[in-house]
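Computed from a predicted structure; not experimentally measured. Letters go in sequence order (proteins before strands), and every chain restarts at 1.
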2 protein chains.
Amino acid sequence: MTGSLKLPLVRKLGAFVTFSEDELSVLTSLLQRRRTFAAGHDLMRQGQVDQTAYILIDGWVCSHKLLPDGSRQIVNFQIPGDFLGLRNVLLHASDHNIEPITQIEVSEVLISDLLEVFSRTPRLATAVLWAASRDEAMIVEHLVNLGRRDASQRMAHFLLELGARLSLVGMGGSGGYTCPLTQYLLADALGMSAVHVNRVLRQLREDGLVTFRSGHVTFDDHDRLVELAAFDPAYLDQGGPLMK
Amino acid sequence: MTGSLKLPLVRKLGAFVTFSEDELSVLTSLLQRRRTFAAGHDLMRQGQVDQTAYILIDGWVCSHKLLPDGSRQIVNFQIPGDFLGLRNVLLHASDHNIEPITQIEVSEVLISDLLEVFSRTPRLATAVLWAASRDEAMIVEHLVNLGRRDASQRMAHFLLELGARLSLVGMGGSGGYTCPLTQYLLADALGMSAVHVNRVLRQLREDGLVTFRSGHVTFDDHDRLVELAAFDPAYLDQGGPLMK
DNA sequence: CGCAACGTTGAAAATCGTCAATCGACGTGG
DNA sequence: CCACGTCGATTGACGATTTTCAACGTTGCG
């Protein structure tokens, strides 16, 4: 067994299938073309016709859409092991922006490489499509979050989802996790104002549910938080040994 | 040329590629296993482990998620030519419900058939994945709708998107379209109450923008409606001759 | 005729956004 | 070293949007 089990992507896909040595080597060969981006330097912009995809190795990223009035909606945050821009590969132009929140390291994935992987190792192709399906399921749950939960429930659900995702790649435990997101980023992700984010976080903290302070999320009462948010992690499809 | 050009699925995918005769026959072979469902008889339920997908031939469908408190969020409506349940094929369990709004006719798609299509005709596989990417782009835009637009803009955007989608499969023109959705369905899709849906529709009608009455949507002032909603159809990726 | 589903409207209440101000941490230039 | 500006977090007051509650109208159908 190599050190590749430490790679977030491998850990994540491991929730779907167990790879053979051959598949592992093909997978890691996808991760060779490394690049680094500084926070705020977009990897991709709305309307851009560049059909490049990336795999996030290290750091945090957000994908968002900008509206003509200057406001924006963050669609999701990406953490190590996640794909970036996969949806745009087949669309004529990118429909969203991809912006690093921290300094990041990515692997560039050429479409040609991806297609070769698809034809050579069908199980790996299936695993990639599984990850894509899971990403879509997450977006759907965010839609439910915005449409049918109030601000407190939205926040609770968001923090729990992030915790579950981070656990899967070894970046968080049941007690909490480190998180570089600002209240402005949370606001744009949860469809509310930064002021209200602050109020909601205070409320959750005073109620003894979660504490989000100076870059760290602490679950003070995980069970009650799950109940408040009506959080059912089934959509994350991570039923393996890593799920509690 | 056969009569297959009248098929909504073929028209839709035609916005992405032009098919050869051989590809057309493979595509239509996917549409053989016909089934009919009555309104209200779900094709699929949350948590179900059935990995069947369908292609909608005729009628209207909605996919939605139910919350423990009884409320629901409609993720999208499907119209003829759309896939149903494609995302669930690789997930361990369905993450949403699929419910016919009218009586519908569908073609059942077996995973085995789909995989065979993928290996035999790569261009067709690409077209299917394009459609899936487009569906996801739509969900993302709905997310933006819920997160960053007020009720009037949401409604305007929704009605415009539906119009553009229907045009692509020959079910609507620039003037308007026939639409079986109730105000309750609109409410669950747009994340608001049915009462407010009613008020918003009245406002849009009195402002001379759109009229939605007795199952028919009429664009009274398409340009102003587009401006109100900040509607940019780029995400629908239907840049062909059908887009105005 | 009477029920049921959908549409419509008003009034009161809750949620949330906007505006405005303050504070602490941090880095930079003088 | 200190002044200054910036960014993020925080709080209060006020106002706008939207929900809830309640009632009534309309249509279609058994």
Side-chain angles (χ1 to χ4, degrees), chain A residues 38-40 60 62 67 69-74 99 101-103 145-159 178-207 210-218 228, chain B residues 38-40 60 62 67 69-74 99-102 145-158 178-207 210-217 228:
Chain A
W60 290 59
C62 77
L67 277 73
D69 69 354
S71 63
R72 73 168 174 177
Q73 176 65 45
I74 293 177
E99 177 186 333
I101 292 169
T102 64
Q103 189 183 66
N145 225 9
L146 291 184
R148 287 296 177 223
R149 284 191 258 254
D150 67 21
S152 298
Q153 295 175 310
R154 281 215 286 277
M155 181 64 74
H157 194 282
F158 173 82
L159 295 176
T178 297
C179 176
L181 305 180
T182 68
Q183 294 185 354
Y184 290 87
L185 287 168
L186 292 175
D188 283 342
L190 298 176
M192 45 198 197
S193 66
V195 171
H196 204 55
V197 165
N198 187 282
R199 279 193 262 264
V200 167
L201 283 177
R202 172 160 59 119
Q203 188 65 48
L204 292 175
R205 183 179 351 110
E206 289 175 352
D207 290 349
V210 237
T211 304
F212 189 168
R213 274 209 155 138
S214 52
H216 202 83
V217 175
T218 307
L228 169 68
Chain B
W60 290 59
C62 76
L67 278 74
D69 70 354
S71 64
R72 73 168 174 177
Q73 176 64 45
I74 293 177
E99 178 186 331
I101 292 168
T102 64
N145 225 10
L146 292 184
R148 287 296 177 220
R149 283 191 259 255
D150 68 21
S152 297
Q153 295 175 311
R154 282 216 284 277
M155 179 65 74
H157 194 283
F158 173 81
T178 297
C179 176
L181 305 180
T182 68
Q183 295 186 352
Y184 291 87
L185 288 167
L186 292 176
D188 283 342
L190 297 176
M192 45 197 198
S193 67
V195 171
H196 204 54
V197 165
N198 187 282
R199 279 193 259 265
V200 167
L201 283 176
R202 173 161 57 121
Q203 189 65 49
L204 292 174
R205 186 182 344 115
E206 288 175 352
D207 289 349
V210 237
T211 305
F212 189 168
R213 271 207 157 139
S214 53
H216 202 83
V217 174
L228 169 68

Atom pairs, protein N/O to nucleotides 28-30 of chain D N/O, distance under 3.5 Å:
none

Please list, chain by chain and in numerical order, all residues satisfying side-chain hydrogen bond (donor to acceptor under 3.5 Å, both in side chains) with [X], sequence neighbours excluded.
X: Asp207(B); result: Gln203(B)
X: Ser71(A); result: Asp69(A)
X: Thr182(B); result: none

Residues in salt bridge (charged side-chain N to carboxylate O under 4.0 Å, His left out) with Arg154(B), at least two apart? none

Minimum-distance pair of heavy atoms, taken over all atoms of Pro180(A) and Ile101(A): O-CG2, 4.4 Å

For a quick test of reading the model, state the closest non-hydrogen atom pair linking Val200(A) to Ser152(A) and the distance between them. CG1-CA, 3.8 Å

Side chains of Phe212(A) and Thr218(A) in contact at under 4.5 Å (non-hydrogen atoms): no

Answer whether the closest heavy-atom distance between the side chains of Val217(A) and Thr211(A) falls below 4.5 Å. no

Do any side-chain atoms of residues 187-198 of chain A form donor-acceptor pairs under 3.5 angstrom with protein atoms, and if so which ones, sequence neighbours left out?
residue	atom	partner	partner atom	Å
Asp188(A)	OD1	Arg148(B)	NH2	2.8
Asp188(A)	OD2	Arg72(A)	NE	2.7
Ser193(A)	OG	His196(A)	N	3.2
Asn198(A)	ND2	Gln183(A)	OE1	3.1

Near-strand residues of residues 147-157 of chain A, defined as heavy-atom separation under 4.0 angstrom from DNA chain C: Asp150(A), Ala151(A)

What parts of residues 191-204 of chain B reach DNA chain C, counting only heavy atoms under 4.0 Å away? Val195(B), Asn198(B), Arg199(B), Arg202(B)

Note: chain A reaches DNA chain C at heavy-atom distances under 4.0 Å over the stretch, first to last nt, 5' to 3', of dC16(C) to dC19(C)

Within this structure, what is the [atom1]-[atom2] distance for the pair [X] and [Y], rounded to the nearest 0.5 Å?
X: Leu186(B); Y: Ile74(B); atom1: CG; atom2: CD1; answer: 8.0 Å
X: Met155(B); Y: Leu204(B); atom1: CE; atom2: CG; answer: 7.0 Å
X: Asn145(B); Y: Leu146(A); atom1: CG; atom2: CG; answer: 10.5 Å

N/O donor-acceptor pair under 3.5 Å between Thr178(A) side chain and His216(A) backbone: no

Separation of Arg213(B) atom CZ from dT26(D) atom P, in whole Å? 12 Å

If you restrict it to nitrogen or oxygen atoms, what contacts under 3.5 Å exist between nucleotides 6-8 of chain D and the protein, and what is each distance?
none

Report the residues that fulfil ring pair (Phe, Tyr, Trp, His ring centres under 6.0 Å) with Phe158(A), sequence neighbours left out, ordered by chain and then residue number. Phe77(A)

So for the helix from dC1(C)-dG30(D) to dG30(C)-dC1(D), with five pairs setting each end axis, what is the inter-axis angle to 10°? 30°

